[in-house]
Amino acid sequence: MRSLFPVTDLTTTAAAADREWSFDELAEAYAYPMTGASWLRANMVSTLDGAAQHDGRSQPISCTADMRIFGTLRALADVVIAGAETVRLEGYRPARAREAFAARRAAAGQGPAPAVAVVSGSLDLDFALPLFTEPLVPTLVVTGSGAPADRIGAARQAGAEVVIAGEGTRVDPARAVRELADRGLRRQLTEGGPRLLGQFVAAGALDELCLTLSPMLTAGDAQRIAGGPGVAVPERFALASLLEEDGFLFGRYRR
């Protein structure tokens with residue numbers, strides 16, 4: 001993996017330029033800013049023609065380096081935020097403790113693994129899944145005040161923490177960010193899906209996008225990385241770093 005775009009917060013030695021980066025090097029490259037405030041970053045993958053999925057899943061357009069970055073981003077986060085549909089389609093499981101990041105997490109005052117927060121207005125979730133029955137850190141469900149009472153009860157009975165972040169069954173993206181931060185979960189990572197990411201973008205809540213550009217073409221009508229409501233004026237992000245391996249580009253863009 002090598003850096004293509006020299007920036008002030010990412011330095012690359014010649015020795016590191018054309019070999020697989022260690023997890024420590026990746027963790028330094030993708031470190032959260034030291035602001036003390038909440039920071040929401042997204043991690044997505046897209047083909048050259050804009051597809052975020054193939055056959056409903058992101059894995060077919062990914063690669064080994066992308067999965068190493070995926071694991072690194074998770075290991076740096078306090079909480080991983082995902083939409084209910086993505087949890088179902090991707091077969092989400094609890095985040096696991098990673099020995100390579102144990103010391104770094106301990107030094108940052110973090111637990112052994114990030115929590116997973118599932119955003120769902122209806123709470124149409126299977127609370128018998130390992131995500132709810134076997135997490136190292138209790139899973140959170142983020143919903144609205146009007147979510148069905150029986151589903152809220154089922155979530156709590158399963159050991160999940162219920163976070164109310166909206167009126168009715170609608171989740172307010174900006175409020176979800178605040179509610180999670182108020183629980184000490186300030187280093188936030190969303191992995192989508194596209195509808196949830198689109199809601200964060202439309203609400204102006206996204207601080208950073210980590211985007212893998214896959215050198216593949218799929219055609220078809222697959223979703224883009226963000227969908228749903230648009231914004232009145234496109235918001236420009238700045239390129240913070242750019243890495244490359246085997247034709248895959250790994251960009252990091254900040255507000």
Side-chain angles (χ1 to χ4, degrees), residues 9-11 21-44 65-83 86-87 90 92-119 129-142 155-156 158-165 171 173-192 196-197 200 205-210 212 240-241 243 250 252-255:
D9 65 342
L10 177 60
T11 57
W21 284 23
S22 70
F23 283 123
D24 276 341
E25 289 169 320
L26 287 174
E28 290 297 326
Y30 285 93
Y32 278 83
M34 302 292 288
T35 65
S38 64
W39 186 268
L40 175 64
R41 69 170 27 146
N43 181 33
M44 302 293 283
D66 183 44
M67 295 310 298
R68 283 174 62 82
I69 291 174
F70 173 91
T72 300
L73 295 181
R74 279 197 159 202
L76 297 175
D78 295 326
V79 61
V80 177
I81 310 170
T86 294
V87 166
E90 300 282 354
Y92 261 52
R93 298 183 63 84
R96 59 190 179 91
R98 303 280 298 277
E99 181 61 32
F101 299 96
R104 184 179 294 271
R105 289 188 66 85
Q110 296 173 298
V116 175
V118 184
V119 178
L129 292 176
L131 180 61
F132 299 100
T133 61
E134 302 175 7
L136 281 175
V137 182
T139 295
L140 303 98
V141 291
V142 184
R156 288 176 172 153
E161 180 180 351
V162 177
V163 179
I164 302 299
V171 174
R175 181 174 167 185
V177 169
R178 293 194 303 270
E179 292 287 346
L180 292 171
D182 287 346
R183 288 163 171 79
L185 305 174
R186 293 185 296 275
R187 303 175 187 89
Q188 301 173 0
L189 169 67
T190 181
E191 298 168 350
L196 179 62
L197 178 56
F200 282 128
L206 188 70
D207 297 300
E208 180 180 334
L209 173 64
C210 297
T212 296
S241 65
L243 306 174
F250 308 95
R252 188 164 56 94
Y253 299 84
R254 290 184 172 183
R255 184 194 305 282

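Here the structure is a predicted model, which means the values were calculated and not measured.
By the ring-ring contact (aromatic ring centres under 6.0 Å, His included) test, Y253 is found to be paired with no residue, residues two or more places apart in sequence or in another chain being considered. Checked against side chain to side chain donor-acceptor pair (under 3.5 Å), R186 has no partners two or more places apart in sequence or in another chain. For A75, the side chain to side chain contact (heavy atoms under 4.5 Å, CB included) partners are F101, not counting sequence neighbours. In this structure S22 satisfies the side chain to side chain donor-acceptor pair (under 3.5 Å) test together with E25, sequence neighbours excluded. By the side chain to side chain contact (heavy atoms under 4.5 Å, CB included) test, V137 pairs with A115, sequence neighbours left out. For N43, the side chain to side chain donor-acceptor pair (under 3.5 Å) criterion is met by no residue, not counting sequence neighbours. Listed by chain and residue number, nothing satisfies the salt bridge (charged side-chain N to carboxylate O under 4.0 Å, His left out) test with R96 (two or more places apart in sequence, or in another chain). Residues satisfying the side chain to side chain donor-acceptor pair (under 3.5 Å) test with E161, not counting sequence neighbours, are R183. Annotation: side chain to side chain contact (heavy atoms under 4.5 Å, CB included) contacts of R68 (sequence neighbours excluded): E20, F23, L26. Taking A97 as the reference, P112, L136 meet the side chain to side chain contact (heavy atoms under 4.5 Å, CB included) condition, with sequence neighbours excluded.
A distance of 10.5 Å separates OG1 in T190 from CG in L209, rounded to the nearest 0.5 Å. Taken from CG in L206 to CZ in R41, the straight-line distance is 10.5 Å, to the nearest 0.5 Å. Here the CD1-CZ distance, from I69 to R252, works out to 10.5 Å after rounding to the nearest 0.5 Å. Taking OG1 of T212 as the start and CZ of F70 as the end, the distance is 11.0 Å to the nearest 0.5 Å. To the nearest 0.5 angstrom, E90 atom CD is 9.0 Å from E191 atom CD.
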Item to complete: Before giving the answer on side-chain contact (heavy atoms from CB on, under 4.5 Å), spell out for L129 and Y92 the whole-Å C-alpha distance, their side-chain angles and the decisive distance to 0.1 Å.
Response: CA-CA 9 Å; L129 292 176; Y92 261 52; over 6 Å; no

Discussion item. Please evaluate residues W21 and L243 with respect to the criterion side-chain contact (heavy atoms from CB on, under 4.5 Å), reporting the C-alpha separation (whole Å), side-chain torsions for both, the decisive distance (0.1 Å), and the verdict.
Written reply: CA-CA 11 Å; W21 284 23; L243 306 174; 3.7 Å; yes

Practice prompt. For M44 and L197, run side-chain contact (heavy atoms from CB on, under 4.5 Å): C-alpha distance rounded to whole Å, both residues' side-chain angles, the deciding distance at 0.1 Å, then the answer.
Written response: CA-CA 9 Å; M44 302 293 283; L197 178 56; 3.6 Å; yes

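Between S38 and D207, the shortest heavy-atom contact is O-OD2, 4.0 Å. Closest approach of E179 to A165, counting heavy atoms only: CG-CB, 4.2 Å.
Considering only heavy atoms from C-beta on, V118 comes within 4.5 Å of L131 through its side chain. With contacts defined as side-chain heavy-atom distances shorter than 4.5 Å, the pair R98/R74 does not qualify. When side chains are defined from C-beta on, V177 counts as touching F200, because their heavy atoms get closer than 4.5 Å.
Around atom CZ of R255, more than 12 heavy atoms belonging to other residues, nucleotides or ligands sit under 6.0 Å away.
Side-chain atoms of D78 do not come within 3.5 Å of backbone N or O of L185 as any donor-acceptor pair.
Sequence neighbours left out, the pairs with a member in residues 101-116 that pass salt bridge (charged side-chain N to carboxylate O under 4.0 Å, His left out) are D24-R104, E28-R104.
With L40 as reference, I81 is the one residue of L189, V79, L180, I81 to meet the side chain to side chain contact (heavy atoms under 4.5 Å, CB included) rule.
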Side-chain donor-acceptor pairs under 3.5 Å in residues 30-37, sequence neighbours left out?
unit_1	atom_1	unit_2	atom_2	d
Y32	OH	Q188	O	3.0
T35	OG1	A37	N	3.1

